[in-house]
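Both ligands and their constituent atoms are indexed starting at 1 by order of listing.
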Amino acid sequence: MMLTIDKTKPVMVTGATGYVAGWLVKKLLDEGLTVHAAVRDPKNKEKLKFLNELAAKSKGEIKYFKSDLLTEGSYSEAMQGCELVFHTASPFTTDVKDPQKELIDPAKLGTRNVLEEANRTESVKRIVLTSSCAAIYGDNIDLKKTANGVFTEADWNTSSSLEHGAYSYSKTVAEKEAWEINKNQSRWDLVVINPSLVMGPAVNPHAVTSESFNLVKQFGDGSLKGGVPKMGWGIVDVRDLAVAHYNAGFTPEAKGRHITSGHNTWYLDLAKTLEPKYGANYPIPKKELPKFMIWLMGPMINKAITRKFVSRNMGYPWIGDNSKSINELGVTYRPISESMNDMFQQLIDAGILGQK
Ligand code: NAP
């Protein structure tokens, strides 16, 4: 039977305060839906202010529920009456002391917690999981192992671990856990979104925790003024990603994984999009650094830039096949320069980036 989601029923979003979820919540509210926002701290006025403002301007309604990925049963109230659940919550940071506790547990046990709640909640028909391209590949060099020199939904990350690429590992084990739980029941289907690196403005620039913001901030704060590594990236705009999530929720035929990535690009090309408007006033990187220099210096600058990371990523492109997201979810991808410039300008306007 063809799946239909009743838009008069509430829709649940985990991690509604997050960067990626923000635009999805806005889209749901603008479409007139009632959003059950599962958040860690419903009393955090600063984080919720922007969501409340979006709700006030929309046809929809937002209700908050206190939930934590690591507290069993804490999504029960938020899920009541929902046919559709978007599970976006998961920590996205590389700055961790204990990767098991700070990344793997919330990602994997959190996914189990949310999906097992769906098993207990009769109304649930579909779960849209925000996984990542990090569950598709571990290092750029993995491209060499692919069937046709391009990452597709058939690929799984086999190279990350607790010790190497812990964030990517967390996303891989969480998505595998989701498919395993999905397989053991038949009431709800699972649609997975696998975004590449997300860029573009946040609905709330004042409370961002996403690593995406650190990356763009570094283009303007001088951290990269000497140059950037030669390294390929897949990039997707946060607003296009919201459309992908929304359509994954409401397109009856949607199924499986979806590489949601607008462009295959290089680190330096991201910087180049900022040069025309901001080059005169900000130390936008202008060149690529030699690999040996990053190999030598990287680990001293940032503990995430290990020698293994450098040898397996620098100098290699990132190429992903986004055709399924276009054909099945109807996503259209805006140019990278728009994502980068809108985001950079937002950091300036929010006072997060001063002038050089
Ligand atoms: P973010 O802004 O840091 O959002 C993370 C969200 O997860 C926040 O809402 C956070 O809630 C919530 N969260 C973290 N730990 C939690 C816990 N223990 N219990 C409940 N909620 C918890 O990062 P983001 O970039 O939007 O990431 C959102 C999703 O997109 C993640 O699944 C991430 O892996 C995925 N993704 C992101 C990118 C990217 O480039 N940004 C790319 C691919 C996939 P609080 O507000 O309470 O901290």
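In this structure, Arg257 fails the cation-pi test against Trp179, since its NZ or CZ atom is not both closer than 6.0 Å to the six-membered ring centre and inside 45 degrees of the ring normal.
Relative orientation of the Phe65 and His36 rings is tilted, given thresholds of 30° and 60° on the angle between their planes. Note: Tyr267 and Trp233 have perpendicular aromatic rings, judged against thresholds of 30 and 60 degrees for the angle between ring planes.
Residue-to-ligand polar distances keep Ala21 apart from ligand 1: every N/O pair is separated by 3.5 Å or more. Note: no N/O pair closer than 3.5 Å links Ser132 and ligand 1 by distance alone. At a 3.5 angstrom cut-off on N or O pairs, Ala16 does not count as close to ligand 1. On a distance-only criterion, Pro106 and ligand 1 share no N/O pair closer than 3.5 Å. For a threshold of 3.5 Å applied to N or O pairs, the pair formed by Phe92 and ligand 1 contains no separation below that value. No N or O atom of Ser67 sits closer than 3.5 Å to an N or O atom of ligand 1. Below 3.5 Å of separation, one finds no N or O of Leu197 facing any N or O of ligand 1.
Residue contact check: Thr130 has heavy atoms under 4.0 Å from atoms 29 (C), 30 (O), 32 (O), 35 (C) of ligand 1. The atoms of ligand 1 that sit less than 4.0 Å from any heavy atom of Ser196 are 42 (C), 43 (C). Listed by number with element, the atoms of ligand 1 under 4.0 Å from a non-hydrogen atom of Ala89 are 7 (O), 12 (C), 21 (N). Of all atoms in ligand 1, listed by their number and element, those nearer than 4.0 Å to a heavy atom of Ser212 are 39 (C), 40 (O), 41 (N).
Within the structure, the closest approach of Ser131 to ligand 1 falls below 4.0 Å when heavy atoms are considered.
Few gaps surround NZ on Lys286; more than 12 heavy atoms of other groups in view lie less than 6.0 Å from it.
The residues Arg334 and Asp240 are annotated as salt-bridged, a charged nitrogen and a carboxylate oxygen being separated by less than 4.0 angstrom.
Around atom 36 (N) of ligand 1, the closest heavy atom drawn from Tyr167, Tyr19, Tyr75, Trp233 belongs to Tyr167.
Interatomic distance, CG of Asn140 versus NZ of Lys230, reported as 11.5 Å (0.5 Å rounding). Between atom CD1 of residue Ile136 and atom CG of residue Asp321 there is a gap of 10.0 Å, rounded to the nearest 0.5 Å.
Ring to ring, Phe344 and Tyr282 are close: their centroids are under 6.0 angstrom apart.
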